[in-house]
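Encoded as structure tokens, the structure appears first; notes follow it.
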Protein chains: 2
Amino acid sequence: MTAADVFAHPASRLSLEVFRLNGALIAVGDALVAPLGLTSARWQVMGAVAEARGRLPVAGIARNMGLVRQSVQRIADELEAEGILHFVANPHHRRARLVQLTERGAALFDAASASWLALADTLVAALGAGEVDRAVALLRAARESLQPPDREEEAS
Amino acid sequence: MTAADVFAHPASRLSLEVFRLNGALIAVGDALVAPLGLTSARWQVMGAVAEARGRLPVAGIARNMGLVRQSVQRIADELEAEGILHFVANPHHRRARLVQLTERGAALFDAASASWLALADTLVAALGAGEVDRAVALLRAARESLQPPDREEEAS
DNA sequence: GTCATATTGACCACGCGCTGTCAATATGTC
DNA sequence: GACATATTGACAGCGCGTGGTCAATATGAC
């Protein structure tokens, strides 16, 4: 296979489609939560905080999201300034305070979730739940195949 | 369905997996072309220029990539400064010069393509070509379902 | 306790995408 | 030709992700 065929390779087409869908999802997410004064990235951080049930510090949230600490830290600081989340003392670690949604943050996240679930339902209805699950499994397998199995190294 | 189930929704899991794979692909791409002095984004622009066979200006390349003009323009300017591509007169439009790879640019792109194809082959071998095609079709259907069918509006 | 190591938060710089705006150029209508 | 409209390139600003570095704090080996 020569370089000229690079565009036709199944892996190339998968990659390009992942890039496009990634962009489309962020655009849809931004539009969805803009009325709430949020962005796609802030919404995602709020989701990770909600999922952790307030039992993780910023670094733990970042690990769950597959991002580096610094990215989440900046957004978390902004969300704290807006009263959407707050940091509480961590009995196990003096510096690594736990991140929790405030009442206002939880209400915002619930509102965002409601909007998203409406769209998510129509999306799955159009695509078929079984096909979606199958694609999720393949995407995960692709990612695990790309990521050298264990890599938790610190950026520094 | 309540907001608490938002994480379990098939569309949510698909979205998160797309985000993760998108990040993994960019990371792999960066690592792949770093020895050539490239980045994932520059490599992608070079690919779009190669695919257009030097018959499109920056705005056309951007449309093909699903990005806005300005993003591609900045990278194209940098690639021109490094002698990887150059702008040639467009007989049909005085301002919109056509973008073409230089000899050096074409050689770099061939080298990057060779590296990628080796990885792409192992990836498809591990996942199964049929499954990959099936996933590509679903991702495209998901994107088309998310994007209001015709939207070419200019940012301004 | 002492030590090396790992983790965390803090700051800074940068890459890459977006939007907004402007002038220059093409295009279509009259 | 005159005009409105669309397209393109240029420039500026911002959001979000990354990496690098530092000090503070936990953890484990001895």
Side-chain angles (χ1 to χ4, degrees), chain A residues 19-20 22-31 33-34 37-46 48 56-80 82 87-99 151-156, chain B residues 19-20 22-31 33-34 37-46 48 56-80 82 87-99 151-156:
Chain A
F19 293 148
R20 293 195 194 102
N22 180 75
L25 284 171
I26 291 175
V28 165
D30 278 336
V33 299
L38 297 175
T39 64
S40 197
R42 293 182 179 199
W43 175 30
Q44 281 182 258
V45 170
M46 290 169 67
L56 288 178
V58 162
I61 299 292
R63 261 194 303 274
N64 282 354
M65 297 182 70
L67 304 179
V68 298
R69 283 176 294 121
Q70 295 89 327
S71 311
V72 175
Q73 186 75 53
R74 185 178 53 77
I75 293 182
D77 288 343
E78 294 171 356
L79 291 179
E80 186 205 17
E82 295 180 17
F87 301 104
V88 306
N90 181 351
H92 294 32
H93 197 304
R94 197 188 305 182
R95 295 196 77 196
R97 290 176 298 162
L98 304 177
V99 190
R151 297 198 1 286
E152 318 285 279
E153 305 96 355
E154 181 71 3
S156 60
Chain B
F19 294 148
R20 294 195 194 101
N22 180 76
L25 284 171
I26 291 175
V28 165
D30 279 335
V33 299
L38 297 174
T39 65
S40 197
R42 293 182 180 199
W43 175 30
Q44 282 182 258
V45 170
M46 291 169 68
L56 287 178
V58 162
I61 299 292
R63 263 194 302 274
N64 281 354
M65 297 182 70
L67 304 179
V68 297
R69 282 177 295 121
Q70 296 88 329
S71 310
V72 174
Q73 185 76 54
R74 187 178 52 77
I75 293 182
D77 288 343
E78 293 171 356
L79 291 179
E80 186 205 18
E82 295 181 16
F87 301 103
V88 306
N90 182 351
H92 293 30
H93 196 305
R94 196 188 304 183
R95 294 196 77 198
R97 292 176 297 164
L98 304 178
V99 190
R151 299 206 351 292
E152 317 285 278
E153 305 95 356
E154 181 72 0
S156 59

Starting from [atom2] on [N], measure out to [atom1] on [X] and report it in whole angstrom.
X       : N      : atom1 : atom2 : result
B:Arg74 : C:dG15 : CZ    : C1'   : 6 Å
B:Arg69 : C:dT19 : CZ    : P     : 11 Å
A:Asn90 : C:dT7  : CG    : P     : 16 Å
B:Ile75 : D:dG9  : CD1   : P     : 15 Å
B:Leu98 : D:dT8  : CG    : C1'   : 12 Å
A:Phe19 : C:dC16 : CZ    : C1'   : 13 Å
B:Gln73 : C:dG17 : CD    : P     : 13 Å
A:Gln44 : D:dC16 : CD    : P     : 10 Å

Looking at [atom1] of [X] and [atom2] of [Y], how far apart are the two atoms once the value is rounded to the nearest 0.5 Å?
X       : Y       : atom1 : atom2 : value
B:Leu25 : A:Phe19 : CG    : CZ    : 5.0 Å
A:Gln73 : A:Glu80 : CD    : CD    : 9.5 Å
B:Glu82 : B:Arg42 : CD    : CZ    : 4.5 Å
A:Arg74 : A:Leu79 : CZ    : CG    : 10.0 Å

Checklist entry - Starting at the 5' end of DNA chain D, which residue's closest nucleotide do you reach first, A:Ser40 or B:Val58? => result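 Closer to the 5' end of DNA chain D: B:Val58.
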Checklist entry - For DNA chain D, whose closest nucleotide is more 5', that of B:Pro57 or that of A:Ala41? => result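 Looking at the nearest nucleotide for each, B:Pro57 comes out on the 5' side.
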Side-chain N or O of [X] closer than 4.0 Å to phosphate OP1/OP2 of [N]:
X       : N      : answer
B:Arg94 : C:dA23 : no
A:Ser71 : D:dT18 : yes
B:Gln70 : D:dG9  : no

Next on the checklist: Do B:Arg63 and B:Leu56 have side chains that approach each other closer than 4.5 Å (heavy atoms only, starting at C-beta)?
Outcome noted: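 When only atoms from C-beta onward are counted, B:Leu56 and B:Arg63 do not touch, as no gap falls below 4.5 Å.
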Checklist entry - For the side chain of A:Arg95 and the base of C:dT8, is some donor closer than 3.5 Å to an acceptor across the two? => result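 Under the 3.5 Å cut-off, the side chain and the base do form a donor-acceptor pair.
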Next on the checklist: Considering every strand and a 4.0 Å limit on heavy-atom distances, what is the contact class for A:Ile26: base, sugar-phosphate, or nothing?
Outcome noted: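 If one applies the 4.0 Å heavy-atom cut-off, A:Ile26 turns out to touch nothing in the nucleic acid.
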Next on the checklist: Taking any heavy-atom pair under 4.0 Å as a contact, classify B:Thr39: base, sugar-phosphate, or nothing.
Outcome noted: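 Sugar-phosphate only.
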